[in-house]
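For reference, the structure discussed in these notes is given below.
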Number of protein chains: 2
Amino acid sequence: MCRYWFHHTVILLTEVVNKVLKPLVKKDAPMDAYRQLFDGILSQRLAPGTKLNEVELTLLFSVSRTLIRQALQRLQLEQVVEIHKNRGAFVAAPTPELAEQILLARHTIELAVVKLACQRCTVADVQQLQKMIDLEQSAIDQGDMATALRRSGEFHLQLAIVAGNQPFVHALRGLISQTSLIITMYSHGGGNACARDEHSQLLEAVKRGDEQQGQELMAHHLGHIAQGCDFNHSPQVANVKGAFAHLNS
Amino acid sequence: MCRYWFHHTVILLTEVVNKVLKPLVKKDAPMDAYRQLFDGILSQRLAPGTKLNEVELTLLFSVSRTLIRQALQRLQLEQVVEIHKNRGAFVAAPTPELAEQILLARHTIELAVVKLACQRCTVADVQQLQKMIDLEQSAIDQGDMATALRRSGEFHLQLAIVAGNQPFVHALRGLISQTSLIITMYSHGGGNACARDEHSQLLEAVKRGDEQQGQELMAHHLGHIAQGCDFNHSPQVANVKGAFAHLNS
DNA sequence: GTACATAATATTGTATACAATATAAGTGAA
DNA sequence: TTCACTTATATTGTATACAATATTATGTAC
(Lines give C-alpha, C1' and ligand atoms only; values in the text may rest on other atoms or scores of the structure.)
Protein backbone atom coordinates (compact mmCIF):
# COMPACT_ATOMS: atom_id res chain seq x y z
CA MET A 1 0.00 0.00 0.00
CA CYS A 2 2.66 2.34 1.05
CA ARG A 3 4.48 1.53 -2.15
CA TYR A 4 1.40 2.20 -4.19
CA TRP A 5 0.92 5.58 -2.67
CA PHE A 6 4.57 6.33 -3.30
CA HIS A 7 4.32 5.08 -6.84
CA HIS A 8 1.36 7.21 -7.76
CA THR A 9 2.88 10.25 -6.20
CA VAL A 10 5.95 9.79 -8.32
CA ILE A 11 3.79 9.42 -11.40
CA LEU A 12 2.01 12.62 -10.49
CA LEU A 13 5.22 14.49 -9.88
CA THR A 14 6.63 13.25 -13.17
CA GLU A 15 3.55 14.46 -14.97
CA VAL A 16 3.71 17.82 -13.28
CA VAL A 17 7.36 18.20 -14.13
CA ASN A 18 6.98 17.12 -17.74
CA LYS A 19 3.74 18.85 -18.63
CA VAL A 20 3.87 22.01 -16.53
CA LEU A 21 7.41 22.93 -15.58
CA LYS A 22 9.36 21.84 -18.64
CA PRO A 23 7.41 23.92 -21.15
CA LEU A 24 8.07 26.95 -18.99
CA VAL A 25 11.74 26.32 -18.59
CA LYS A 26 12.67 24.76 -21.90
CA LYS A 27 14.53 26.86 -24.37
CA ASP A 28 14.64 24.76 -27.53
CA ALA A 29 17.82 26.60 -28.22
CA PRO A 30 18.48 25.56 -31.82
CA MET A 31 15.03 26.66 -32.97
CA ASP A 32 15.48 29.89 -31.02
CA ALA A 33 18.62 30.92 -32.81
CA TYR A 34 17.09 29.96 -36.14
CA ARG A 35 13.85 31.84 -35.47
CA GLN A 36 15.62 34.94 -34.22
CA LEU A 37 17.74 35.11 -37.33
CA PHE A 38 14.85 34.27 -39.62
CA ASP A 39 12.64 36.96 -38.09
CA GLY A 40 15.53 39.38 -38.08
CA ILE A 41 15.97 38.94 -41.79
CA LEU A 42 12.28 38.97 -42.67
CA SER A 43 11.64 41.99 -40.46
CA GLN A 44 14.30 43.86 -42.39
CA ARG A 45 16.46 44.38 -39.32
CA LEU A 46 19.17 42.41 -41.09
CA ALA A 47 19.78 43.88 -44.49
CA PRO A 48 20.75 41.74 -47.50
CA GLY A 49 24.51 41.22 -47.70
CA THR A 50 25.10 41.60 -43.96
CA LYS A 51 27.91 39.42 -42.64
CA LEU A 52 26.77 37.06 -39.89
CA ASN A 53 29.73 36.55 -37.58
CA GLU A 54 29.41 33.32 -35.63
CA VAL A 55 30.88 34.36 -32.29
CA GLU A 56 28.92 37.58 -32.39
CA LEU A 57 25.70 35.57 -32.74
CA THR A 58 26.98 33.25 -30.02
CA LEU A 59 27.09 36.15 -27.59
CA LEU A 60 23.75 37.56 -28.68
CA PHE A 61 21.80 34.32 -28.33
CA SER A 62 23.82 32.70 -25.52
CA VAL A 63 24.32 29.40 -27.29
CA SER A 64 27.42 27.70 -28.62
CA ARG A 65 28.70 28.01 -32.15
CA THR A 66 27.41 24.52 -32.85
CA LEU A 67 23.82 25.72 -32.73
CA ILE A 68 24.58 28.95 -34.51
CA ARG A 69 26.13 27.01 -37.36
CA GLN A 70 23.12 24.67 -37.42
CA ALA A 71 20.78 27.63 -37.74
CA LEU A 72 22.92 29.22 -40.44
CA GLN A 73 23.04 26.00 -42.45
CA ARG A 74 19.28 25.68 -42.28
CA LEU A 75 18.84 29.27 -43.38
CA GLN A 76 21.24 28.61 -46.23
CA LEU A 77 19.19 25.65 -47.42
CA GLU A 78 16.14 27.91 -47.31
CA GLN A 79 18.11 30.30 -49.53
CA VAL A 80 17.85 33.14 -47.03
CA VAL A 81 21.54 33.02 -46.14
CA GLU A 82 24.61 32.38 -48.29
CA ILE A 83 27.58 30.53 -46.82
CA HIS A 84 30.95 30.85 -48.53
CA LYS A 85 33.53 28.30 -47.53
CA ASN A 86 36.04 29.67 -45.02
CA ARG A 87 34.53 33.12 -45.51
CA GLY A 88 31.38 32.92 -43.45
CA ALA A 89 27.64 33.51 -43.73
CA PHE A 90 25.87 36.48 -45.25
CA VAL A 91 22.25 37.49 -45.54
CA ALA A 92 21.27 36.59 -49.08
CA ALA A 93 21.09 39.39 -51.62
CA PRO A 94 19.20 38.14 -54.68
CA THR A 95 20.31 39.62 -57.97
CA PRO A 96 17.67 41.06 -60.27
CA GLU A 97 17.95 37.94 -62.43
CA LEU A 98 17.34 35.66 -59.46
CA ALA A 99 14.51 37.90 -58.32
CA GLU A 100 12.81 37.39 -61.63
CA GLN A 101 13.21 33.62 -61.34
CA ILE A 102 11.82 33.65 -57.81
CA LEU A 103 8.73 35.60 -58.80
CA LEU A 104 8.15 33.31 -61.77
CA ALA A 105 8.46 30.25 -59.53
CA ARG A 106 5.97 31.77 -57.10
CA HIS A 107 3.61 32.49 -59.97
CA THR A 108 3.71 28.87 -61.09
CA ILE A 109 3.37 27.34 -57.65
CA GLU A 110 0.88 29.75 -56.10
CA LEU A 111 -1.55 29.49 -59.00
CA ALA A 112 -1.65 25.77 -58.31
CA VAL A 113 -1.96 26.49 -54.59
CA VAL A 114 -4.97 28.76 -55.08
CA LYS A 115 -6.67 26.12 -57.17
CA LEU A 116 -6.19 23.49 -54.47
CA ALA A 117 -7.20 25.92 -51.75
CA CYS A 118 -10.45 26.65 -53.58
CA GLN A 119 -11.21 22.94 -53.52
CA ARG A 120 -10.28 22.23 -49.92
CA CYS A 121 -10.81 25.42 -47.90
CA THR A 122 -12.99 24.89 -44.80
CA VAL A 123 -14.83 27.43 -42.70
CA ALA A 124 -12.12 27.25 -40.05
CA ASP A 125 -9.47 27.87 -42.73
CA VAL A 126 -11.30 31.00 -43.89
CA GLN A 127 -11.46 32.31 -40.33
CA GLN A 128 -7.75 31.69 -39.85
CA LEU A 129 -6.87 33.42 -43.09
CA GLN A 130 -9.14 36.34 -42.30
CA LYS A 131 -7.43 36.74 -38.94
CA MET A 132 -4.05 36.91 -40.67
CA ILE A 133 -5.31 39.59 -43.03
CA ASP A 134 -6.53 41.59 -40.05
CA LEU A 135 -3.18 41.23 -38.29
CA GLU A 136 -1.38 42.42 -41.40
CA GLN A 137 -3.70 45.39 -41.66
CA SER A 138 -3.20 46.34 -38.02
CA ALA A 139 0.54 46.37 -38.61
CA ILE A 140 0.02 48.63 -41.61
CA ASP A 141 -2.19 50.92 -39.53
CA GLN A 142 0.59 51.25 -36.99
CA GLY A 143 3.04 52.08 -39.72
CA ASP A 144 5.09 48.98 -39.00
CA MET A 145 5.71 47.96 -42.60
CA ALA A 146 8.33 45.38 -41.67
CA THR A 147 5.83 43.41 -39.61
CA ALA A 148 3.20 43.89 -42.28
CA LEU A 149 5.56 42.43 -44.85
CA ARG A 150 6.26 39.41 -42.66
CA ARG A 151 2.56 38.82 -42.02
CA SER A 152 1.79 39.17 -45.68
CA GLY A 153 4.21 36.31 -46.29
CA GLU A 154 2.56 34.27 -43.55
CA PHE A 155 -0.79 34.70 -45.29
CA HIS A 156 0.59 33.27 -48.51
CA LEU A 157 2.17 30.38 -46.64
CA GLN A 158 -1.05 29.64 -44.78
CA LEU A 159 -2.85 29.44 -48.10
CA ALA A 160 -0.42 26.70 -49.15
CA ILE A 161 -1.04 24.89 -45.87
CA VAL A 162 -4.77 25.07 -46.52
CA ALA A 163 -4.13 23.69 -50.01
CA GLY A 164 -2.73 20.64 -48.27
CA ASN A 165 0.35 20.07 -50.41
CA GLN A 166 3.47 19.65 -48.30
CA PRO A 167 6.04 20.15 -51.10
CA PHE A 168 4.37 23.39 -52.10
CA VAL A 169 4.51 24.60 -48.50
CA HIS A 170 8.17 23.68 -48.28
CA ALA A 171 9.11 25.41 -51.52
CA LEU A 172 7.06 28.50 -50.78
CA ARG A 173 8.58 28.97 -47.33
CA GLY A 174 11.89 29.71 -49.01
CA LEU A 175 10.43 31.65 -51.93
CA ILE A 176 8.34 33.93 -49.71
CA SER A 177 11.35 34.67 -47.51
CA GLN A 178 13.39 35.49 -50.57
CA THR A 179 10.62 37.75 -51.80
CA SER A 180 10.90 39.71 -48.57
CA LEU A 181 14.57 40.19 -49.29
CA ILE A 182 13.75 41.30 -52.81
CA ILE A 183 11.24 43.86 -51.55
CA THR A 184 13.75 45.08 -48.96
CA MET A 185 16.36 45.53 -51.65
CA TYR A 186 14.44 46.84 -54.61
CA SER A 187 11.00 48.11 -53.55
CA HIS A 188 10.38 51.80 -54.05
CA GLY A 189 7.45 51.78 -51.63
CA GLY A 190 3.79 52.43 -52.25
CA GLY A 191 3.28 49.25 -54.20
CA ASN A 192 2.50 47.31 -51.04
CA ALA A 193 -0.33 49.51 -49.80
CA CYS A 194 -2.92 47.69 -51.88
CA ALA A 195 -1.96 44.33 -50.40
CA ARG A 196 -4.85 44.13 -47.98
CA ASP A 197 -7.47 44.61 -50.58
CA GLU A 198 -5.81 42.01 -52.79
CA HIS A 199 -5.55 39.48 -49.99
CA SER A 200 -9.17 40.08 -49.02
CA GLN A 201 -10.42 39.67 -52.57
CA LEU A 202 -8.32 36.54 -52.92
CA LEU A 203 -9.82 35.08 -49.78
CA GLU A 204 -13.32 35.89 -51.05
CA ALA A 205 -12.65 33.97 -54.26
CA VAL A 206 -11.22 31.03 -52.32
CA LYS A 207 -14.22 31.05 -49.99
CA ARG A 208 -16.53 30.86 -53.00
CA GLY A 209 -14.35 28.11 -54.49
CA ASP A 210 -13.93 30.20 -57.63
CA GLU A 211 -10.69 28.78 -59.04
CA GLN A 212 -10.66 30.94 -62.16
CA GLN A 213 -11.13 34.21 -60.27
CA GLY A 214 -8.72 33.14 -57.52
CA GLN A 215 -5.93 32.39 -59.98
CA GLU A 216 -6.43 35.69 -61.78
CA LEU A 217 -6.27 37.63 -58.52
CA MET A 218 -3.14 35.77 -57.44
CA ALA A 219 -1.48 36.43 -60.77
CA HIS A 220 -2.22 40.13 -60.50
CA HIS A 221 -1.11 40.24 -56.89
CA LEU A 222 2.27 38.69 -57.71
CA GLY A 223 2.57 40.95 -60.72
CA HIS A 224 2.16 43.99 -58.48
CA ILE A 225 5.11 42.89 -56.37
CA ALA A 226 7.36 42.94 -59.42
CA GLN A 227 5.91 46.27 -60.55
CA GLY A 228 6.68 47.73 -57.12
CA CYS A 229 10.39 47.05 -57.56
CA ASP A 230 13.16 48.99 -59.21
CA PHE A 231 15.97 46.62 -60.05
CA ASN A 232 18.50 49.36 -60.64
CA HIS A 233 18.57 50.22 -56.97
CA SER A 234 21.39 48.87 -54.79
CA PRO A 235 20.75 47.75 -51.21
CA GLN A 236 21.96 49.09 -47.90
CA VAL A 237 23.82 46.81 -45.51
CA ALA A 238 23.22 46.88 -41.76
CA ASN A 239 25.28 45.41 -38.94
CA VAL A 240 24.30 42.57 -36.66
CA LYS A 241 24.54 44.31 -33.32
CA GLY A 242 22.12 47.02 -34.34
CA ALA A 243 19.61 44.54 -35.64
CA PHE A 244 19.41 42.72 -32.32
CA ALA A 245 19.83 45.71 -30.03
CA HIS A 246 16.53 44.85 -28.31
CA LEU A 247 18.07 41.66 -26.91
CA ASN A 248 20.63 43.56 -24.85
CA SER A 249 18.18 45.89 -23.13
CA MET B 1 68.57 39.21 -56.73
CA CYS B 2 68.91 36.26 -54.52
CA ARG B 3 65.72 37.31 -52.76
CA TYR B 4 63.87 37.62 -56.06
CA TRP B 5 64.84 34.15 -57.09
CA PHE B 6 63.71 32.90 -53.72
CA HIS B 7 60.47 34.83 -53.99
CA HIS B 8 59.54 33.51 -57.39
CA THR B 9 60.39 29.99 -56.41
CA VAL B 10 58.02 30.28 -53.49
CA ILE B 11 55.29 31.62 -55.74
CA LEU B 12 55.86 28.73 -58.08
CA LEU B 13 55.78 26.20 -55.29
CA THR B 14 52.63 27.72 -53.88
CA GLU B 15 50.98 27.48 -57.24
CA VAL B 16 52.06 23.90 -57.67
CA VAL B 17 50.79 22.99 -54.25
CA ASN B 18 47.46 24.77 -54.61
CA LYS B 19 46.62 23.91 -58.19
CA VAL B 20 48.10 20.46 -58.61
CA LEU B 21 48.56 18.71 -55.29
CA LYS B 22 45.56 19.92 -53.33
CA PRO B 23 42.89 18.79 -55.77
CA LEU B 24 44.42 15.32 -55.67
CA VAL B 25 44.64 15.14 -51.90
CA LYS B 26 41.60 17.11 -50.85
CA LYS B 27 38.71 15.20 -49.38
CA ASP B 28 35.95 17.81 -48.99
CA ALA B 29 34.75 15.59 -46.19
CA PRO B 30 31.34 17.13 -45.49
CA MET B 31 30.27 16.85 -49.12
CA ASP B 32 31.61 13.31 -49.18
CA ALA B 33 29.45 12.08 -46.32
CA TYR B 34 26.46 13.86 -47.80
CA ARG B 35 27.02 12.49 -51.28
CA GLN B 36 27.59 8.95 -50.06
CA LEU B 37 24.36 8.98 -48.12
CA PHE B 38 22.45 10.67 -50.90
CA ASP B 39 23.66 8.19 -53.49
CA GLY B 40 23.05 5.34 -51.08
CA ILE B 41 19.45 6.34 -50.72
CA LEU B 42 18.83 7.11 -54.39
CA SER B 43 20.55 3.90 -55.47
CA GLN B 44 18.14 1.98 -53.27
CA ARG B 45 20.92 0.54 -51.12
CA LEU B 46 19.34 2.31 -48.16
CA ALA B 47 15.69 1.40 -47.96
CA PRO B 48 13.04 3.83 -46.72
CA GLY B 49 12.66 3.76 -42.96
CA THR B 50 16.24 2.62 -42.30
CA LYS B 51 17.72 4.03 -39.10
CA LEU B 52 20.89 6.02 -39.70
CA ASN B 53 23.06 5.62 -36.61
CA GLU B 54 25.55 8.46 -36.29
CA VAL B 55 28.56 6.58 -34.91
CA GLU B 56 28.04 3.83 -37.43
CA LEU B 57 28.25 6.38 -40.23
CA THR B 58 31.24 7.93 -38.45
CA LEU B 59 33.12 4.66 -38.79
CA LEU B 60 32.03 4.07 -42.36
CA PHE B 61 33.07 7.47 -43.67
CA SER B 62 35.97 8.20 -41.29
CA VAL B 63 34.75 11.62 -40.27
CA SER B 64 33.55 12.99 -36.98
CA ARG B 65 29.92 13.08 -35.88
CA THR B 66 29.93 16.82 -36.56
CA LEU B 67 30.07 16.23 -40.30
CA ILE B 68 27.71 13.28 -40.19
CA ARG B 69 25.14 15.41 -38.44
CA GLN B 70 25.68 18.20 -40.96
CA ALA B 71 25.02 15.78 -43.80
CA LEU B 72 21.94 14.37 -42.10
CA GLN B 73 20.53 17.82 -41.47
CA ARG B 74 21.00 18.74 -45.10
CA LEU B 75 19.33 15.53 -46.22
CA GLN B 76 16.47 16.28 -43.85
CA LEU B 77 15.94 19.70 -45.37
CA GLU B 78 15.90 18.01 -48.79
CA GLN B 79 13.16 15.77 -47.37
CA VAL B 80 15.15 12.60 -48.01
CA VAL B 81 15.79 11.93 -44.33
CA GLU B 82 13.59 12.42 -41.29
CA ILE B 83 15.14 13.44 -37.98
CA HIS B 84 13.17 12.88 -34.79
CA LYS B 85 14.41 14.73 -31.74
CA ASN B 86 16.48 12.52 -29.46
CA ARG B 87 15.50 9.52 -31.57
CA GLY B 88 17.78 9.86 -34.55
CA ALA B 89 17.66 10.00 -38.34
CA PHE B 90 15.77 7.69 -40.67
CA VAL B 91 15.57 7.37 -44.41
CA ALA B 92 12.31 9.03 -45.36
CA ALA B 93 9.36 6.80 -46.14
CA PRO B 94 6.70 8.87 -47.89
CA THR B 95 3.13 7.83 -47.19
CA PRO B 96 0.78 7.29 -50.14
CA GLU B 97 -0.82 10.66 -49.37
CA LEU B 98 2.54 12.44 -49.46
CA ALA B 99 3.48 10.53 -52.60
CA GLU B 100 0.41 11.91 -54.32
CA GLN B 101 1.31 15.44 -53.23
CA ILE B 102 4.87 15.03 -54.45
CA LEU B 103 3.78 13.84 -57.89
CA LEU B 104 1.29 16.69 -58.15
CA ALA B 105 4.00 19.20 -57.22
CA ARG B 106 6.29 17.71 -59.85
CA HIS B 107 3.52 17.95 -62.40
CA THR B 108 3.03 21.64 -61.69
CA ILE B 109 6.70 22.54 -61.63
CA GLU B 110 7.98 20.37 -64.44
CA LEU B 111 5.34 21.54 -66.89
CA ALA B 112 6.66 25.04 -66.28
CA VAL B 113 10.22 23.72 -66.59
CA VAL B 114 9.55 22.13 -69.97
CA LYS B 115 8.06 25.35 -71.23
CA LEU B 116 11.14 27.32 -70.19
CA ALA B 117 13.47 24.64 -71.53
CA CYS B 118 11.77 24.83 -74.93
CA GLN B 119 12.51 28.54 -75.00
CA ARG B 120 16.11 28.41 -73.80
CA CYS B 121 17.58 25.08 -74.83
CA THR B 122 20.86 25.38 -76.74
CA VAL B 123 22.63 22.86 -78.94
CA ALA B 124 25.08 22.09 -76.14
CA ASP B 125 22.18 21.52 -73.77
CA VAL B 126 20.61 19.01 -76.16
CA GLN B 127 23.89 17.11 -76.42
CA GLN B 128 24.22 17.02 -72.65
CA LEU B 129 20.66 15.78 -72.20
CA GLN B 130 21.10 13.17 -74.93
CA LYS B 131 24.23 11.90 -73.18
CA MET B 132 22.26 11.48 -69.97
CA ILE B 133 19.56 9.51 -71.77
CA ASP B 134 22.24 7.24 -73.22
CA LEU B 135 23.80 6.70 -69.79
CA GLU B 136 20.42 5.82 -68.36
CA GLN B 137 19.81 3.38 -71.20
CA SER B 138 23.19 1.69 -70.74
CA ALA B 139 22.35 1.14 -67.08
CA ILE B 140 19.04 -0.40 -68.11
CA ASP B 141 20.86 -2.63 -70.63
CA GLN B 142 23.11 -3.88 -67.85
CA GLY B 143 20.09 -4.62 -65.71
CA ASP B 144 21.19 -2.07 -63.10
CA MET B 145 17.81 -0.55 -62.45
CA ALA B 146 18.96 1.34 -59.36
CA THR B 147 21.51 3.30 -61.39
CA ALA B 148 18.98 3.77 -64.16
CA LEU B 149 16.53 5.26 -61.69
CA ARG B 150 19.16 7.65 -60.36
CA ARG B 151 20.14 8.74 -63.87
CA SER B 152 16.54 9.20 -64.84
CA GLY B 153 16.28 11.66 -61.98
CA GLU B 154 19.41 13.42 -63.12
CA PHE B 155 17.87 13.92 -66.56
CA HIS B 156 14.86 15.64 -65.06
CA LEU B 157 17.08 17.83 -62.92
CA GLN B 158 19.26 18.76 -65.88
CA LEU B 159 16.14 19.85 -67.73
CA ALA B 160 15.42 22.28 -64.90
CA ILE B 161 18.99 23.56 -65.07
CA VAL B 162 18.58 24.13 -68.79
CA ALA B 163 15.33 25.97 -68.05
CA GLY B 164 17.48 28.39 -66.05
CA ASN B 165 15.26 28.80 -63.00
CA GLN B 166 17.19 28.31 -59.79
CA PRO B 167 14.19 27.90 -57.46
CA PHE B 168 12.76 25.20 -59.72
CA VAL B 169 16.09 23.36 -59.66
CA HIS B 170 16.21 23.60 -55.89
CA ALA B 171 12.67 22.35 -55.40
CA LEU B 172 12.99 19.56 -57.94
CA ARG B 173 16.20 18.23 -56.40
CA GLY B 174 14.20 17.24 -53.35
CA LEU B 175 11.10 16.15 -55.23
CA ILE B 176 13.04 13.90 -57.60
CA SER B 177 14.88 12.28 -54.71
CA GLN B 178 11.59 11.68 -52.97
CA THR B 179 10.18 10.18 -56.15
CA SER B 180 13.02 7.67 -56.09
CA LEU B 181 11.95 6.69 -52.60
CA ILE B 182 8.36 6.39 -53.74
CA ILE B 183 9.34 4.11 -56.61
CA THR B 184 11.50 2.04 -54.28
CA MET B 185 8.61 1.64 -51.89
CA TYR B 186 5.62 1.23 -54.12
CA SER B 187 6.65 0.39 -57.70
CA HIS B 188 5.57 -2.98 -58.98
CA GLY B 189 8.15 -2.88 -61.76
CA GLY B 190 7.66 -2.80 -65.50
CA GLY B 191 6.35 0.74 -65.51
CA ASN B 192 9.82 2.17 -65.81
CA ALA B 193 10.88 0.29 -68.92
CA CYS B 194 9.29 2.84 -71.22
CA ALA B 195 11.22 5.67 -69.58
CA ARG B 196 13.88 5.92 -72.28
CA ASP B 197 11.42 6.37 -75.07
CA GLU B 198 9.59 9.00 -73.09
CA HIS B 199 12.74 10.92 -72.25
CA SER B 200 13.84 10.76 -75.89
CA GLN B 201 10.52 12.01 -77.17
CA LEU B 202 10.58 14.74 -74.56
CA LEU B 203 14.02 15.86 -75.67
CA GLU B 204 12.87 15.90 -79.29
CA ALA B 205 10.00 18.22 -78.41
CA VAL B 206 12.31 20.48 -76.41
CA LYS B 207 14.79 20.54 -79.27
CA ARG B 208 12.02 21.65 -81.62
CA GLY B 209 10.88 24.21 -79.05
CA ASP B 210 7.41 22.70 -79.12
CA GLU B 211 6.05 23.78 -75.75
CA GLN B 212 2.62 22.25 -76.22
CA GLN B 213 3.93 18.82 -77.17
CA GLY B 214 6.65 18.94 -74.52
CA GLN B 215 4.19 19.64 -71.74
CA GLU B 216 1.88 16.86 -72.88
CA LEU B 217 4.74 14.37 -72.96
CA MET B 218 5.90 15.44 -69.51
CA ALA B 219 2.39 15.12 -68.11
CA HIS B 220 2.07 11.62 -69.51
CA HIS B 221 5.54 10.68 -68.28
CA LEU B 222 4.76 11.74 -64.72
CA GLY B 223 1.39 10.04 -64.94
CA HIS B 224 3.13 6.77 -65.81
CA ILE B 225 5.18 6.95 -62.63
CA ALA B 226 2.02 7.07 -60.55
CA GLN B 227 0.44 4.30 -62.61
CA GLY B 228 3.50 2.12 -61.99
CA CYS B 229 2.94 2.23 -58.25
CA ASP B 230 0.78 0.17 -55.94
CA PHE B 231 0.18 2.14 -52.76
CA ASN B 232 -1.03 -0.84 -50.79
CA HIS B 233 2.46 -2.31 -50.75
CA SER B 234 4.62 -1.90 -47.65
CA PRO B 235 8.38 -1.34 -47.94
CA GLN B 236 11.33 -3.45 -46.87
CA VAL B 237 13.96 -1.99 -44.55
CA ALA B 238 17.66 -2.61 -45.01
CA ASN B 239 20.56 -2.02 -42.62
CA VAL B 240 23.31 0.51 -42.99
CA LYS B 241 26.34 -1.78 -42.96
CA GLY B 242 25.03 -3.82 -45.85
CA ALA B 243 24.31 -0.75 -47.93
CA PHE B 244 27.91 0.47 -47.67
CA ALA B 245 29.64 -2.90 -47.72
CA HIS B 246 31.67 -1.78 -50.77
CA LEU B 247 33.46 0.81 -48.63
CA ASN B 248 35.02 -1.81 -46.36
CA SER B 249 36.48 -3.95 -49.14
C1' DG C 1 54.40 57.11 -49.72
C1' DT C 2 53.62 52.69 -52.20
C1' DA C 3 54.03 47.92 -52.99
C1' DC C 4 55.14 43.76 -51.43
C1' DA C 5 56.21 40.19 -48.13
C1' DT C 6 55.83 38.69 -43.42
C1' DA C 7 53.81 38.29 -38.94
C1' DA C 8 49.84 38.69 -35.87
C1' DT C 9 44.97 38.26 -35.34
C1' DA C 10 40.45 36.85 -36.23
C1' DT C 11 37.25 33.58 -38.19
C1' DT C 12 35.76 29.45 -39.86
C1' DG C 13 36.19 24.11 -40.13
C1' DT C 14 36.51 19.77 -37.72
C1' DA C 15 37.06 16.66 -33.89
C1' DT C 16 36.34 15.54 -29.34
C1' DA C 17 34.33 15.76 -24.57
C1' DC C 18 30.54 16.15 -21.70
C1' DA C 19 25.30 16.33 -20.78
C1' DA C 20 20.62 14.87 -21.63
C1' DT C 21 17.61 11.59 -23.36
C1' DA C 22 16.07 7.22 -24.98
C1' DT C 23 16.53 2.27 -25.28
C1' DA C 24 17.64 -2.22 -23.48
C1' DA C 25 18.74 -5.35 -19.77
C1' DG C 26 18.08 -6.85 -15.36
C1' DT C 27 15.42 -7.44 -10.73
C1' DG C 28 11.78 -8.61 -7.78
C1' DA C 29 6.88 -9.11 -6.66
C1' DA C 30 2.25 -10.86 -7.81
C1' DT D 1 5.41 -16.10 -16.49
C1' DT D 2 4.26 -11.15 -16.65
C1' DC D 3 4.27 -6.64 -15.04
C1' DA D 4 6.11 -2.61 -12.95
C1' DC D 5 10.29 -0.62 -11.74
C1' DT D 6 15.28 0.16 -11.49
C1' DT D 7 19.76 0.11 -13.46
C1' DA D 8 22.91 -0.07 -17.21
C1' DT D 9 23.89 0.96 -21.92
C1' DA D 10 23.60 3.24 -26.14
C1' DT D 11 22.45 7.31 -28.75
C1' DT D 12 21.60 11.87 -29.52
C1' DG D 13 22.21 17.01 -28.15
C1' DT D 14 25.33 20.73 -26.91
C1' DA D 15 29.61 22.96 -25.69
C1' DT D 16 34.32 23.32 -26.07
C1' DA D 17 39.11 22.61 -27.90
C1' DC D 18 42.09 22.38 -31.60
C1' DA D 19 43.33 22.91 -36.74
C1' DA D 20 43.05 25.27 -41.08
C1' DT D 21 42.11 29.31 -43.49
C1' DA D 22 41.34 34.11 -44.25
C1' DT D 23 41.90 38.89 -42.80
C1' DT D 24 44.28 42.53 -40.92
C1' DA D 25 48.42 44.80 -39.18
C1' DT D 26 53.31 45.54 -39.34
C1' DG D 27 57.64 46.15 -41.35
C1' DT D 28 60.97 46.74 -45.14
C1' DA D 29 62.77 47.99 -49.76
C1' DC D 30 62.34 50.99 -53.38
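This is a predicted model, so every value here is computed, not measured. In what follows, chains carry the letters A, B, and so on, assigned in the order in which the sequence lines appear, proteins first and then strands, with residues in each chain numbered from 1.
- Among all heavy-atom pairs drawn from A/I182 and A/F231, the shortest one is CG2-CE2, 4.2 Å.
- Taking atom CZ on A/R74 and atom C1' on D/dG13, their separation rounds to 16 Å, with Å as the unit.
- The side-chain heavy atoms of A/I176 and A/L42, taken from C-beta on, include no pair separated by under 4.5 Å.
- The residue from A/L157, A/L159, A/V162 that alone fulfils the side-chain contact (heavy atoms from CB on, under 4.5 Å) condition with A/V169 is A/L157.
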Result block: side-chain N/O donor-acceptor pairs under 3.5 angstrom for residues 76-83 of chain B, not counting sequence neighbours:
from  : atom 1 : to    : atom 2 : distance (Å)
B/E78 : OE1    : B/Y34 : OH     : 2.7
B/E78 : OE2    : B/Y34 : OH     : 2.9

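- With sequence neighbours excluded, no residue satisfies salt bridge (charged side-chain N to carboxylate O under 4.0 Å, His left out) with A/R173.
- Inter-residue side-chain proximity for A/M31 and A/Q36 is flagged as unmet; no heavy-atom pair is nearer than 4.5 Å.
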Output a table of nitrogen or oxygen pairs between the protein and nucleotides 7-11 of chain C separated by less than 3.5 Å.
from   : atom 1 : to    : atom 2 : distance (Å)
C/dT11 : OP1    : A/N53 : ND2    : 3.4

Detail all sub-3.5 Å separations between protein N/O atoms and N/O atoms belonging to nucleotides 14-16 of chain D.
from   : atom 1 : to    : atom 2 : distance (Å)
D/dA15 : OP2    : A/S64 : N      : 3.1
D/dA15 : OP2    : A/S64 : OG     : 2.9
D/dA15 : N7     : A/T66 : OG1    : 2.6

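- For the pair A/Q73 CD and C/dG13 P, the interatomic distance rounds to 11 Å; values are reported in whole Å.
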Validation: residues 98-109 of chain A side-chain donor-acceptor distances under 3.5 Å, sequence neighbours left out:
from   : atom 1 : to     : atom 2 : distance (Å)
A/Q101 : OE1    : B/Q166 : N      : 2.8
A/Q101 : NE2    : B/G164 : O      : 3.2
A/R106 : NE     : A/E110 : OE2    : 2.6
A/R106 : NH1    : A/T179 : OG1    : 3.0
A/R106 : NH2    : A/E110 : OE2    : 2.7
A/R106 : NH2    : A/H156 : ND1    : 3.1
A/T108 : OG1    : A/L104 : O      : 3.1

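- For A/R35, the salt bridge (charged side-chain N to carboxylate O under 4.0 Å, His left out) partners are A/D39, not counting sequence neighbours.
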